[in-house]
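Let me begin by presenting the structure, written as structure tokens, before commenting on it.
Everything quoted here is computed from the prediction, not taken from an experiment.
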2 protein chains.
Amino acid sequence: MNSDKLNNKKTNTEEAIMEASEALFLEKGYLLATTTEIARRAGVTHAMLHYYYRTKEQIFFKVLDKNLHELFQSVRAGMSSEEVSFWENLKGGVMLLLEFLDQHRQLVGLLYDVARHSPELLERYQESTLNLLSGLAGHHKVLLDQEVRSGRCNPITFEQLFWDIVTMSFSTYMFLPLMNRVAKMDDLEVDRMLKRRYDEIITVLHYRLYGKHESSN
Amino acid sequence: MNSDKLNNKKTNTEEAIMEASEALFLEKGYLLATTTEIARRAGVTHAMLHYYYRTKEQIFFKVLDKNLHELFQSVRAGMSSEEVSFWENLKGGVMLLLEFLDQHRQLVGLLYDVARHSPELLERYQESTLNLLSGLAGHHKVLLDQEVRSGRCNPITFEQLFWDIVTMSFSTYMFLPLMNRVAKMDDLEVDRMLKRRYDEIITVLHYRLYGKHESSN
DNA sequence: GCATGAATTAACAGTATTGTTAAACAAGTC
DNA sequence: GACTTGTTTAACAATACTGTTAATTCATGC
């Protein structure tokens with residue numbers, strides 16, 4: 001059995017590498033993040049990175065596995081089967097998504113980078129992603145169609161509602177770096193901006209579906 | 001005066017480099033596009049690239065200058081002062097933007113890459129961008145506020161309407177590579193999808209402002 | 001033809017990248 | 001104290017990238 005000291009030493013280096021990797025991948029994407037800089041930030045020689053994780057790709061998968069697992073959990077949690085109205089159900093899901101994105105502000109940017117520049121790295125998630133999406137569709141599509149056919153909400157397809165949500169939610173967080181760097185907003189201003197977008201996204205969706213503000217029931 | 005042959009030769013190489021550069025920058029962004037590959041695609045040695053354009057940065061500026069100039073033109077054209085309703089005015093601007101993006105499907109991705117990974121390259125456009133945006137705000141903000149105060153449309157700030165438009169429009173084209181590669185849609189399916197998104201974005205905006213479908217005047 | 005000047009090539013410098021490896025080190029076990 | 005095991009370092013290989021430069025080609029004007 002390993003001694004505490006040995007164990008701690010190993011754990012420290014290994015975890016330092018993992019934390020630096022996650023931070024750098026989230027910042028720079030896959031291709032632009034270098035093992036050299038990861039090692040520099042973790043305070044170890046770059047050979048250690050290969051000793052513990054073999055290749056850059058392996059460590060990237062560890063980072064992405066963790067983050068995507070959390071995202072998937074969050075999306076699944078949004079498919080509650082509580083006995084509430086369609087809107088309450090949908091709103092709950094969107095709010096969970098927005099709260100997840102708020103806690104993982106750099107993740108969408110990373111996913112975009114990878115999908116754009118190294119799509120082969122996402123193949124290992126394709127099956128589970130398709131499963132999740134078809135689960136999502138199965139859960140909400142029927143309910144939406146009922147809501148539309150019964151005349152309780154305006155006509156819209158599941159596909160378009162899905163993209164309304166995705167484009168508004170995801171791209172808000174993709175544009176975050178621009179808020180900081182280009183528009184030179186400080187963190188507090190960014191937070192306030194995000195809160196306003198959060199409310200507006202919900203508001204837009206309710207107007208789209210029901211033609212009026214949520215509060216004016 | 002240069003002979004035709006000399007002129008042609010020069011023009012051919014120079015233009016071949018420029019075309020290959022634009023294509024590769026649009027595909028890979030600034031940092032991941034290499035002068036080596038630009039030269040390879042243009043069918044010339046990579047020294048020629050430096051001979052005609054000195055540095056990678058210089059050629060990138062040439063590409064971006066051209067594209068941003070076109071974008072700015074398009075946005076300015078969207079600020080028509082025709083004597084039409086606020087909605088017709090706004091809708092015209094959004095349609096022009098969407099049509100521009102449709103003709104420059106990779107530009108948003110490039111801008112995102114640069115803003116994220118090489119923001120210093122955008123400094124030279126900061127002043128003109130701010131001018132454009134303040135012109136845009138000056139043009140529409142007052143009209144929107146009138147529309148809201150008069151009760152002709154639902155309450156909304158210019159800022160939120162702006163972001164509703166930007167996030168839905170831009171990110172639709174940012175997600176295009178995913179449609180092709182991840183969702184494995186062919187070009188025809190992508191075109192049909194874009195058309196549906198085009199209509200839906202206009203529809204969403206009209207619901208957001210007026211609480212009903214555009215056609216149900 | 002030949003001199004001129006632009007266009008082109010091939011080779012090089014300098015730097016950075018990922019990954020490997022042999023040797024050194026540390027610490028506990030027998 | 002010698003042995004074993006896991007950890008760390010420094011040096012190296014192989015490749016790629018940006019940019020420069022000296023030498024060469026080439027069309028053209030004289």
Nucleotide N/O of nucleotides 21-24 of chain D paired with protein N/O under 3.5 Å:
none

Hey, are the side chains of A:Y198 and A:E99 touching, using non-hydrogen atoms and a 4.5 Å cut-off? yes
Residue-phosphate contact under 4.0 Å: B:T45 side-chain N/O, C:dT8 OP1/OP2: no
Whole angstroms only, please: what is the CE-C1' distance between A:M48 and D:dG6? 10 Å
Determine the interplanar angle of the A:H50 and A:H46 rings, folded into 0 to 90°, and report it as parallel if under 30°, tilted if 30 to 60°, perpendicular if over 60°. perpendicular
Any side-chain N or O of A:T13 under 4.0 Å from OP1/OP2 of D:dT8? yes
If I take atom OH in residue A:Y53 and atom P in nucleotide C:dT20, what distance separates them, rounded to the nearest angstrom? 17 Å
From the options D:dG6, D:dG19, C:dT18, select the nucleotide whose nearest atom is closest to the side chain of A:H50. C:dT18
Rounded distance in Å - CG (B:L24) to P (D:dC17): 11 Å
Correct closest heavy-atom pair for A:H117 and B:E27 would be CE1-O, 4.1 Å
B:T55 side chain, from C-beta outward: closest of D:dC17, C:dT9, D:dG19: D:dG19
Can you tell me if A:T36 touches the phosphate of C:dA16, counting only side-chain N or O atoms and a distance under 4.0 Å to OP1 or OP2? no
Nucleotide C:dA16, atom C1' - distance to NZ of A:K28 in whole Å: 12 Å
Note: B:E19-B:R41 ion pair, threshold 4.0 Å (strictly below): no
Side chain to side chain donor-acceptor pair (under 3.5 Å) filter on A:Y30, not counting sequence neighbours, yields none
Which nucleotide sits closest to the side chain of A:T35: D:dG6, C:dT18, C:dG19? C:dT18
Assess the pair B:Y112 and A:Y112: is the distance between their ring centroids shorter than 6.0 Å? yes
State which residues pass ring pair (Phe, Tyr, Trp, His ring centres under 6.0 Å) with A:H140; sequence neighbours excluded, sorted by chain then number. none
Using a 4.0 Å heavy-atom cut-off, does B:A39 contact any base of the nucleic acid, only the sugar-phosphate backbone, or nothing at all? nothing
Does A:Y52 place a side-chain N or O at less than 4.0 Å from the phosphate oxygens OP1/OP2 of D:dT8? yes
Atom-pair distance (CD on B:E14; P on C:dA6), nearest Å: 14 Å
Whole-Å distance separating the CG atom of B:L31 from the C1' atom of D:dC17: 12 Å
Specify the separation, in whole Å, of atom CG of B:N12 and atom P of D:dA27. 14 Å
C:dT18, D:dT20, D:dT7: which one has an atom nearest the side-chain heavy atoms of B:H46? D:dT20
Give the rounded distance in Å between these two atoms: CG of B:L49 and C1' of D:dA16. 16 Å
